[in-house]
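As structure tokens, the structure follows; a few thoughts come after it.
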Amino acid sequence: MKSFVDYSSNSDFSIHNIPFGVAVFNKEYIGCCTRIGDQVVDLATLYDLGYFEDIEGLDDNVFEAYTINEFIELGKPVTNAVRTKLQTLLQEGSALSKDQKTIEEAFYDLDKVKMMMPVHIPNYTDFYSSIDHATNVGKMLRDPANALFPNWKHLPVGYHGRASSIVVSGTEINRPKGQMKPADADKPIFGPCKQLDFELEMAFIVNKNTEMGESISTKDAEDAIFGMVVFNDWSARDIQAWEYVPLGPFLAKNFGSSISPWVVTLEALEPFRTTSPNQDPEVLDYLKFEGDKNYDINLEVYIQPENGDQNLICESNYKHMYWNMNQQLAHHTINGCNVEVGDMYASGTISGTDPKSFGSMMELTWRGQNPLSLNNGEERKFIEDNDTVTMKAWAEKDGIRVGFGEVSGKIIPTL
């Protein structure tokens with residue numbers, strides 16, 4: 001496929017992608033959109049002009065909404081048909097390529113739009129599914145010889161997080177404050193977090209509602225997963241260390257998480273499937289699956305100090321995940337927990353075996369013992385005020401590139 005829209009060979013948003021998002025157009029109205037190269041396409045206008053009239057089940061202009069929830073709830077027979085139609089329309093020689101009036105009405109330069117939160121997120125869950133990350137944390141905080149808890153290889157560990165504080169890329173995050181207990185203190189102190197961290201994650205979004213009591217099997221999980229975003233799970237390590245026993249993260253996590261604005265469909269990621277790591281011991285029957293369920297997605301993290309340049313500090317890959325999305329969703333619902341359209345499920349920090357692939361400052365600096373050197377001469381044990389953290393994700397194989405763009409967030413001082 002070749003598009004009539006020009007874009008560079010290293011663009012995340014090739015004709016093989018066709019992601020979905022929400023934008024403010026002309027500073028006037030909000031609508032659902034897709035992206036090809038650096039052009040953002042207003043889907044509501046394409047609908048009004050009849051370009052989707054042959055798609056069965058797309059009876060209303062769901063693209064006029066402020067989120068993609070109504071669109072993805074139509075299910076994959078409809079959403080896949082829309083994506084395939086868009087690929088056809090964006091090819092050289094298509095009817096749309098010759099319709100200059102529609103192109104002028106519906107196509108916008110990227111710098112002329114403002115990207116919004118793509119979905120309304122009713123519920124959010126964060127998993128803990130990278131074995132290298134869990135092992136590193138266990139070595140640092142517990143017994144290095146028994147880094148993983150006994151349950152870790154038997155189920156995808158997770159916890160319910162805060163949906164209201166998930167924000168789109170570009171939103172500034174205030175440094176959190178709370179209780180901490182320094183190692184040399186006999187009682188806790190209160191103040192701004194001193195060990196602010198990022199966590200490199202991906203997240204998937206579901207497209208259906210289920211009733212209480214229902215479960216989604218590993219076999220049926222992909223039909224319930226619309227697509228994925230890049231996810232930065234900001235973390236206050238010193239607050240977390242004091243609060244997490246016995247119930248896990250609370251104030252250390254719920255002050256903010258950042259996501260990329262473009263939702264990339266599972267169908268776009270199909271060429272990049274790869275085998276899962278060997279799971280030993282054997283998992284219980286409801287967690288068993290067939291086929292390749294991991295994805296070969298390159299991941300990078302950058303730190304940019306105020307008035308400085310970006311520093312590449314992490315290179316990882318989503319294929320390192322021990323527990324895959326199908327298993328995560330199956331486990332989440334095995335007890336009859338109902339899901340809602342737009343629910344978001346984050347992977348947990350994604351780390352590999354190479355120290356350069358560690359997906360958090362806690363691991364990269366080994367809890368501050370080995371500071372990172374930036375190219376301006378500064379050092380970082382954790383994230384400082386006015387630092388900007390940017391994460392990028394893309395997959396590439398056989399001349400096909402599909403990417404997510406980036407999620408970026410700047411840390412500003414405590415209120």
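Bear in mind the structure is a predicted one, so any value in this text is a computation, not a measurement. Note that the numbering runs from 1 along the sequence shown for the chain.
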- Message: Looking at Asp223 and Lys76, is there a salt bridge between them, counting it only when a charged N and a carboxylate O are closer than 4.0 Å?
- Response: no

- Query: Taking Ser11 for the side chain and Ser8 for the main chain, is one N or O donor matched with an acceptor at less than 3.5 Å?
  - Reply: no

- Item | Side chain Asp233, main chain Ser257, donor-acceptor under 3.5 Å | no

- Message: Run the side-chain hydrogen bond (donor to acceptor under 3.5 Å, both in side chains) test on Glu363 and Ser351 for me, step by step, so that the C-alpha distance in whole Å, both residues' side-chain angles and the decisive distance to 0.1 Å come before the verdict.
- Response: CA-CA 9 Å; Glu363 295 167 90; Ser351 297; 3.0 Å; yes

- Minimum heavy-atom distance between Ser260 and Phe404, given as atom pair plus value: CB-O, 4.0 Å

- Item | Interatomic spacing from NE2 in His16 to CD1 in Ile18 - rounded to 0.5 Å | 9.5 Å

- Message: For a quick check under 3.5 Å, do Thr67 and Asn69 share a side-chain donor-acceptor pair by atom type?
- Response: yes

- Task: Measure from the side-chain N and O atoms of Ser3 to the backbone N and O of Leu90, and report whether any donor-acceptor pair falls under 3.5 Å.
- Result: yes

- Task: Measure the CZ-CG distance between Phe4 and Leu89 for me, rounded to the nearest 0.5 Å.
- Result: 8.0 Å

- Query: Are a donor atom and an acceptor atom from the side chains of Tyr302 and Glu300 found within less than 3.5 Å of each other?
  - Reply: yes

- Answer yes or no: is there an ion pair linking Glu290 with Lys219, defined by an N-O contact shorter than 4.0 Å? no

- Within-4.5 Å side-chain heavy-atom neighbours: Tyr295 and Asn324: no

- Query: Taking Asp197 for the side chain and Met362 for the main chain, is one N or O donor matched with an acceptor at less than 3.5 Å?
  - Reply: yes

- Query: With a 3.5 Å cut-off and no angle check, do the side chains of Asn317 and Asp296 form a donor-acceptor pair?
  - Reply: yes

- Message: A side-chain contact here means heavy atoms from C-beta on lying under 4.5 Å apart; do Asn254 and Ser164 qualify?
- Response: no

- Task: Before accepting this row, confirm whether a basic side-chain N of the pair Lys253/Glu243 lies closer than 4.0 Å to the acidic partner's carboxylate O.
- Result: no

- Output for pair (Leu141 CG, Arg237 CZ), nearest 0.5 Å, gives 9.0 Å

- Task: Assess the side chains of Thr84 and Gln87: does a donor N or O sit below 3.5 Å from an acceptor N or O?
- Result: no

- Item | Asn61 side chain vs Phe63 backbone, donor-acceptor pair below 3.5 Å | yes

- Task: Using a 4.5 Å cut-off on heavy atoms from C-beta on, say whether the side chain of Thr414 contacts that of Pro176.
- Result: no

- Query: Can you tell me if CG on Asp6 sees more than 12 non-hydrogen neighbours from other groups inside 6.0 Å?
  - Reply: no

- Taking atom types as modelled, is there a side-chain donor on Asp343 or Tyr345 under 3.5 Å from an acceptor on the other? yes

- Message: Pair Asn207, Val341 - check side chain to side chain contact (heavy atoms under 4.5 Å, CB included), show working.
- Response: CA-CA 5 Å; Asn207 62 2; Val341 173; 5.6 Å; no

- Item | Polar side chain donor-acceptor pair, Gln39 to Asp109, under 3.5 angstrom | yes

- Stepwise, does the side chain to side chain contact (heavy atoms under 4.5 Å, CB included) test hold for Leu269 with Val264? CA-CA 8 Å; Leu269 296 171; Val264 175; 4.1 Å; yes

- Message: Distance check, rounded to the nearest 0.5 Å: Trp262 atom CH2 versus Asp12 atom CG?
- Response: 12.0 Å

- Can you find a heavy atom in the side chain of Gln327 that is under 4.5 Å from one in the side chain of Phe289? yes

- Taking the six-membered ring for Trp, are the ring centroids of His133 and Phe358 within less than 6.0 Å of each other? no

- Flag side-chain contact, heavy atom, 4.5 Å: Val283 against Trp323: yes

- Message: Testing the 3.5 Å rule here: is there a donor-acceptor pair between the side chains of Ser276 and Asn294?
- Response: yes

- Query: Any donor-acceptor pair under 3.5 Å linking the side chain of Ser347 with the backbone of Glu201?
  - Reply: no

- Ring centroid separation for Phe231 and Tyr124, is it under 6.0 angstrom? yes

- Query: Does the side chain of His332 come under 3.5 Å of the side chain of Thr125 through a donor N or O and an acceptor N or O?
  - Reply: yes

- If every non-hydrogen atom of Ala147 is compared with every non-hydrogen atom of Lys139, which pair is closest and at what distance? CB-N, 3.8 Å

- Task: Considering non-hydrogen atoms only, spot the tightest contact between Ala134 and Trp152 and give its length.
- Result: CB-NE1, 3.5 Å

- Any donor-acceptor N/O pair, Arg35 side chain to Gly37 backbone, under 3.5 Å: yes

- Provide the closest heavy-atom pair for Pro118 versus Val22 in the form atom of the first, atom of the second, distance. O-CG2, 3.7 Å

- Test item: side-chain donor near acceptor, Gln310 and Asn375, under 3.5 Å: no

- Does a donor on one side chain and an acceptor on the other come within less than 3.5 Å for Trp242 and Gln179? yes

- Task: To the nearest 0.5 angstrom, please state how far the CD1 atom of Ile239 sits from the CG atom of Leu251.
- Result: 6.5 Å

- For Gly409, does its backbone N or O pair with a side-chain atom of Ser258 as donor and acceptor, under 3.5 Å? no

- Query: Hey, what do you get for CG (Asp111) to CG (Asp38), rounding to the nearest 0.5 Å?
  - Reply: 8.5 Å

- When you check the gap from the basic side-chain N to the acidic O, do Glu222 and Lys293 get nearer than 4.0 Å? yes

- Examine the side chains of Ser129 and Gln328 and answer whether a donor and an acceptor come within less than 3.5 Å of each other. yes

- Considering residues, nucleotides and ligands other than Phe250, do more than 12 of their heavy atoms fall under 6.0 Å from its CZ? no

- Can you name the closest pair of heavy atoms from Ile412 and Glu172 and give their distance? CD1-OE1, 3.6 Å

- Query: Can you find a heavy atom in the side chain of Glu214 that is under 4.5 Å from one in the side chain of Asn338?
  - Reply: no

- Looking at Leu200 and Leu299, what are the two nearest heavy atoms and their distance? CD2-CB, 3.9 Å

- Is the number of heavy atoms from other residues, nucleotides or ligands under 6.0 Å of Glu379 CD greater than 12? yes

Would you list the atom pairs, donor with acceptor, under 3.5 Å between side chains in residues 387-394 and any protein atom, with sequence neighbours excluded?
unit_1, atom_1, unit_2, atom_2, d
Asp387, OD1, Arg380, NH2, 3.0
Asp387, OD2, Arg380, NE, 2.7
Asp387, OD2, Glu384, N, 2.9
Thr390, OG1, Ser408, OG, 3.0

- Message: For Tyr66, is the OH atom crowded, meaning more than 12 foreign heavy atoms sit under 6.0 Å from it?
- Response: no

- Task: Please answer whether the main-chain N or O of Asp132 pairs with a side-chain N or O of Asn136 as donor and acceptor at a distance below 3.5 Å.
- Result: yes

- Within 45° cone of Phe13 ring axis and under 6.0 Å: Arg401 NZ or CZ: no

- Message: Is the shortest side-chain heavy-atom distance between Leu96 and Tyr51 below 4.5 Å?
- Response: yes

- Task: Indicate whether any N or O donor in one side chain lies under 3.5 Å from an N or O acceptor in the other, for Tyr29 and Asp42.
- Result: yes

- Message: Check this for me: Arg162, atom CZ, are more than 12 non-hydrogen atoms of other residues, nucleotides or ligands nearer than 6.0 Å?
- Response: no

- Item | Beyond-backbone contact of His331 with Tyr286, side-chain heavy atoms, under 4.5 angstrom | yes

- Look only at the side chain of Asp238 and the backbone of Gln195, and say whether a donor-acceptor pair between them is shorter than 3.5 Å. yes

